[in-house]
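These notes concern the structure reproduced below.
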Amino acid sequence: MPTRNLALATLVALGQSIVPPVEGSSLPAQAQVIDQRAFNVLNVTQPPIEFNAKSLFVPPGHTEESLTQRPFHVYDDEFLKIIGEAPTLSRIAHSPKDPLFHEAVVWSKETEEVFFVQNAGAKNASTGLKKSAIIEKISLAEAAAVANKRDAAGLVTVTKVPSSAMVINPNGGTNYRRQIVFTGEGQGDDKPPSLWLMNPQKPYNTTVLLNNYFGRQFNSLNDVVIHPKNKDIYFTDTIYGYVQDFRPAPGLQDQIYRFNEDTGAVTVVADGFDHPNGLTFSPDGEYAYVTDTGIDSGFFGLNFTRPASIYRFDVKEDGTFENRKTFAFVNSGAPDGIHCDSWGNIYAGCGDGIQVWNPSGKLIGKIYVGSTSANFNFAGKGRMVICAETDLYYATLAAAGNYVDSEM
Ligand SMILES: *[C@@H]1O[C@H](CO)[C@@H](O)[C@H](O)[C@H]1NC(C)=O
Ligand SMILES: *[C@@H]1O[C@H](CO)[C@@H](O)[C@H](O)[C@H]1NC(C)=O
Ligand SMILES: *[C@@H]1O[C@H](CO)[C@@H](O)[C@H](O)[C@H]1NC(C)=O
Ligand SMILES: *[C@@H]1O[C@H](CO)[C@@H](O)[C@H](O)[C@H]1NC(C)=O
């Protein structure tokens with residue numbers, strides 16, 4: 001840690017928590033320490049109708065501007081290792097009314113591109129029932145070229161990916177057998193939610209892998225991940241297509257499924273959620289993390305007494321889940337997309353950007369964008385692409401993603 005000041009480096013070495021840096025200290029230029037002790041006791045607090053999960057919390061001594069100016073928020077010194085000495089955050093695209101930057105952020109190693117999808121069910125984009133959300137991509141070389149700018153909107157090309165046959169309302173995605181598997185939410189009564197495989201290179205041909213559970217339609221498939229050891233496809237099914245007006249009332253309870261393409265077996269690994277949403281595994285495959293966005297029921301509105309939570313399961317040798325425990329609850333919005341780094345820290349897209357926890361569930365930092373990020377992903381080591389609906393960001397940091405090379 002050669003560039004940090006001695007006092008800070010000493011504290012880090014001692015493993016103690018960091019006090020706000022003194023004048024002239026050298027935290028990374030885009031980082032700042034947020035001292036939770038400064039707001040454990042507030043002079044004024046507001047009732048839930050005035051201050052709740054939709055509100056932006058500005059800790060005392062900060063402003064919205066200052067939070068945005070240095071977007072890497074250090075809540076615990078463990079976050080310094082994750083961001084490294086010179087993390088950067090750049091806005092690389094902006095789409096004022098159309099939420100083009102939503103979820104399914106997938107790194108294509110071969111082409112050095114990152115894929116992502118538009119929001120399905122967004123009123124302003126008229127996607128959902130009549131028009132499917134689209135798949136898009138950017139080149140990482142173009143993003144890297146503007147990493148020294150905070151705002152580079154317009155300088156990176158966002159290209160529409162003409163999947164063929166077109167993936168209908170994609171929402172989740174991950175690498176699988178050198179291609180990309182998407183969870184499609186479906187459309188109306190007769191285009192069922194499906195797992196789609198897409199070739200990440202021209203002609204972007206697709207194949208449907210699964211579109212029913214013994215003849216019954218899924219509700220609207222949300223997120224998908226591959227287990228690092230058994231290489232099976234795990235995915236969540238939840239009600240958002242219905243509460244966003246583009247799918248019929250659900251015919252199944254919301255739950256998590258597991259699919260083995262070779263045997264065709266589809267099994268259920270967990271239920272008992274409100275709205276199960278994002279899903280990921282720890283790098284060793286021993287834990288599964290599931291986000292529950294129960295707080296947000298689309299046209300039924302928000303209910304702040306319901307989950308905005310991450311649950312952790314033990315994954316048994318046979319690939320089944322057990323021992324559900326509450327891992328974290330977020331202050332802002334709900335945790336949606338979720339990914340681990342190669343060290344096993346957990347990142348989730350929330351109402352104010354990306355929040356990061358260590359494996360004990362302690363919040364250690366945030367990559368703050370000041371608005372909702374539904375999903376994001378690493379692109380190998382030191383690079384991250386963050387979707388924030390009408391804004392797309394590129395970040396550089398020290399941590400590496402937990403890439404599952406699921407060739408087999
Ligand atoms: C709370 O009130 C005290 C006394 O008026 C003041 O010194 C302090 O700065 C206030 N703290 C915050 C966080 O507003
Ligand atoms: C939709 O567009 C309206 C009018 O431009 C804008 O006020 C509103 O914030 C937009 N909603 C979203 C979710 O982008
Ligand atoms: C796309 O087409 C190629 C060439 O026929 C084939 O090898 C590949 O499996 C196809 N991919 C998908 C997802 O359909
Ligand atoms: C909010 O959710 C709780 C728990 O599910 C439920 O009891 C309550 O009726 C809900 N409130 C509203 C206003 O829907």
Side-chain angles (χ1 to χ4, degrees), residues 47-55 104 106-111 113-117 132 134-137 160-184 191-211 219 221 224-226 231-233 235 238-240 242-244 249-250 253-255 259-262 264 271-277 290-311 324 326 329-331 333-335 351 404-408:
I49 192 152
E50 287 165 26
F51 195 91
N52 50 52
K54 276 173 75 180
S55 314
V106 186
W107 175 42
S108 168
K109 212 173 175 178
E110 286 77 19
T111 62
E113 292 168 322
V114 169
F115 290 75
F116 46 88
V117 304
S132 172
I134 57 168
I135 302 171
E136 304 138 275
K137 62 172 186 170
K160 182 179 171 180
V161 176
S163 58
S164 171
M166 187 181 188
V167 178
I168 301 299
N169 287 327
N171 188 77
T174 196
N175 305 93
Y176 177 67
R177 298 189 172 177
R178 309 198 59 151
Q179 316 211 32
I180 297 176
V181 61
F182 286 103
T183 37
K191 294 203 177 79
S194 307
L195 283 180
W196 300 76
L197 196 62
M198 187 188 82
N199 177 359
Q201 303 194 48
K202 277 179 186 157
Y204 306 109
N205 51 310
T206 63
T207 302
V208 174
L209 299 181
L210 180 72
N211 73 359
N219 299 335
L221 300 189
V224 57
V225 65
I226 309 303
K231 305 289 168 85
D232 282 2
I233 302 173
F235 58 95
T238 194
I239 62 161
Y240 283 108
Y242 168 55
V243 299
Q244 290 181 301
Q253 67 171 337
D254 292 345
Q255 48 200 357
F259 175 53
N260 182 299
E261 199 193 336
D262 299 324
D271 65 10
F273 301 97
D274 199 337
H275 302 331
N277 197 318
V290 183
T291 62
D292 189 328
T293 48
I295 193 171
D296 183 354
S297 292
F299 60 53
F300 291 119
L302 298 170
N303 182 331
F304 301 124
T305 68
R306 288 166 59 169
S309 309
I310 302 174
Y311 299 99
R324 164 177 147 142
T326 304
F329 174 79
V330 311
N331 70 299
V404 179
D405 189 358
S406 59
E407 226 160 281
M408 307 309 286

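Residue numbers count from 1 along this sequence. For the numbers below, each heavy atom of this structure counts, side chains included, while hydrogens, waters and symmetry mates do not. Start at 1 and go down the list; that is how both ligands and their atoms are numbered.
Counted by atom type alone, N211 and S194 present zero donor-acceptor pairs between their side chains at under 3.5 Å.
Side-chain atoms of T206 come within 3.5 Å of backbone N or O of A165 as a donor-acceptor pair.
Closest non-hydrogen pair, S55 versus E50, comes out as OG-O, 3.7 Å.
Among protein residues, N303, T305, R306 come within 4.0 Å of ligand 4, judged on heavy atoms.
Inter-residue side-chain proximity for L209 and V181 is flagged as met; some heavy-atom pair is nearer than 4.5 Å. V106 has its side chain within reach of N175: a pair of non-hydrogen atoms, C-beta onward, lies under 4.5 Å apart.
Taking a cut-off of under 4.0 Å to the non-hydrogen atoms of T206, the atoms of ligand 3 that pass are 14 (O). In summary, the atoms of ligand 3 found under 4.0 Å from a heavy atom of N199, numbered by their order in the structure, are 13 (C).
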Pair Y311-D292, side chain to side chain contact (heavy atoms under 4.5 Å, CB included): steps then yes or no: CA-CA 8 Å; Y311 299 99; D292 189 328; 3.6 Å; yes
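Ligand 3 has an N or O atom lying under 3.5 Å from an N or O atom of T207, backbone or side chain.
Separating the OG atom in S164 from the CG atom in N205 is a distance of 7.5 Å, to the nearest 0.5 Å.
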